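Note that the structure is a prediction, hence the values are computed from the model and not measured. The figures here come from the full heavy-atom set of this structure, side chains too, leaving out hydrogens, waters and symmetry mates.
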Amino acid sequence: MSKRPGSQSCLAGDVFSDYSQRMDPAMIAQARRFNRVVTQRVGALDDHFLARDRSLGEARVLWEIGAEGGDVRALRAALALDSGYLSRLLRSLEAAGLIRVAAKESDKRVRIARLTRKGLAERAVLDRRSDELAASLLEPLSLAQRARLAAAMGDVERLMTASMVEIGSIDPAHRHAQYCLHAYFSELDRRFEKGFDPALSIPADEAEVRPPAGLFLVAMLRGEPIGCGALKFHAGEPTEIKRMWVAESARGLGLGRRLLRELEDQAARHGAQAVRLETNQALVEAISLYRSAGYVEVAPFNSEPYAHHWFEKALANRGAGIKPARGAKHSKTRTRYASRPDR
């Protein structure tokens with residue numbers, strides 16, 4: 001998916017755009033109207049947010065640092081802020097006596113921001129006034145309208161969170177990829193009736209899911225890996241989808257389907273005519289996803305000991321309008337990412 005304006009991607013490889021389909025102009029106009037209403041209603045246009053002597057940006061950073069303090073790099077990733085802009089916000093808060101920024105004792109390369117006593121008091125005021133602002137949004141409405149607005153806000157929060165996820169290619173040895181694989185194997189071990197031992201499963205070694213032999217994708221949200229998936233290319237044979245996983249905290253965002261679609265597109269870019277995968281009967285959500293995405297159950301095509309179902313999907317015409325990837329048989333282009341517990 002595309003990188004958000006002003007954000008810094010944590011992905012080591014290419015980050016891709018989902019805007020292959022043109023946006024409906026009416027939807028664009030609605031989104032812009034929504035943004036204007038929200039920024040005005042919450043006071044984001046005011047240099048003195050919540051009637052305090054600082055901007056919304058400074059107030060948000062102060063709140064995010066929290067009582068326990070925060071790693072500056074983690075703050076930058078969580079808020080998707082340019083490093084220079086975050087440094088200016090931190091300097092302003094430090095000059096006001098609200099925070100202190102110093103090197104971490106155990107690792108001098110890491111800078112930690114902590115609230116001073118004055119900063120803690122200011123954060124408490126911001127919390128109280130934020131509650132008052134939220135109440136002022138609801139107070140003029142009837143009980144039924146309040147329930148509608150709260151439910152709509154929940155929907156908007158989930159959908160906007162989904163739109164913040166970035167998907168891109170990464171080396172399978174990268175720490176984000178390794179984190180996903182460890183979480184994936186741990187989940188399989190919990191959910192499979194007899195547990196899961198990677199050593200007994202058909203391998204998808206790093207060399208097999210690294211270009212040109214394959215591809216490894218990771219989904220990132222607020223600087224943290226929340227999903228992965230891989231491809232193994234086979235000349236003249238269907239491409240295999242492997243290591244699909246989505247973090248429990250990210251489920252319900254539609255990421256599994258989005259990752260699956262991305263893997264299919266990448267397989268098509270590399271000249272594949274079909275994709276296939278195998279899965280365990282315990283992964284009922286994954287099985288449902290595959291069937292709804294057009295996969296058909298086929299006879300076993302390998303001897304995977306943990307598999308109960310084997311699926312395949314033709315990619316006929318899938319490559320139309322999609323540039324082939326660098327090194328692909330029929331042309332030249334780029335690479336992407338994937339989701340949900342399944343190999």
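- Side-chain contact of Ser292 with Arg257: a donor-acceptor pair under 3.5 Å is present, judged by distance alone.
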After noting the C-alpha distance and the side-chain angles of Glu64 and Arg60, does the key distance pass the salt bridge (Lys or Arg N to Asp or Glu O under 4.0 Å) rule? CA-CA 6 Å; Glu64 288 290 342; Arg60 180 62 189 274; 2.8 Å; yes
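- A heavy-atom distance below 4.5 Å is not found between the side chains of Arg276 and Trp310.
- Remark: Lys232 does not engage Glu237 in a salt bridge, criterion side-chain N to carboxylate O under 4.0 Å.
- The distance from the CZ atom of Arg128 to the CG atom of Asp131 is 9.5 Å, given to the nearest 0.5 Å.
- Applying the salt bridge (Lys or Arg N to Asp or Glu O under 4.0 Å) test between Lys242 and each of Glu278, Glu206, Glu208 identifies Glu278 as the sole match.
- Distance OH/Tyr306 to CZ/Phe192: 8.0 Å, rounded to 0.5 Å.
- Connection of Tyr85 to Ile99 is established within a shared hydrophobic cluster, with ILVMFWY side chains joined at heavy-atom distances below 4.5 Å, either directly or through further cluster members.
- In this pair, His174 and His176 present their aromatic rings tilted. The plane angle is within the 30 to 60° band.
- Below 30°, between 30° and 60°, or above 60°: for Tyr290 and Tyr295 the angle between ring planes is between 30° and 60°, a tilted geometry.
- Here Glu68 does not pair with Arg114 in a salt bridge; the nearest charged N to carboxylate O distance is not below 4.0 Å.
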Output, in order, the C-alpha distance, side-chain angles, deciding distance and verdict of side chain to side chain donor-acceptor pair (under 3.5 Å) for Gln145 and Arg148. CA-CA 5 Å; Gln145 287 175 320; Arg148 284 175 57 198; over 6 Å; no
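- Contact record, Leu62 with Gly119: CD2-O, 4.3 Å, taken as the closest heavy-atom pair.
- Counting only heavy atoms from C-beta outward, the side chains of Ile241 and Leu260 approach each other to under 4.5 Å.
- Under the 4.5 Å side-chain criterion, counting only non-hydrogen atoms from C-beta, Ser142 is not in contact with Arg146.
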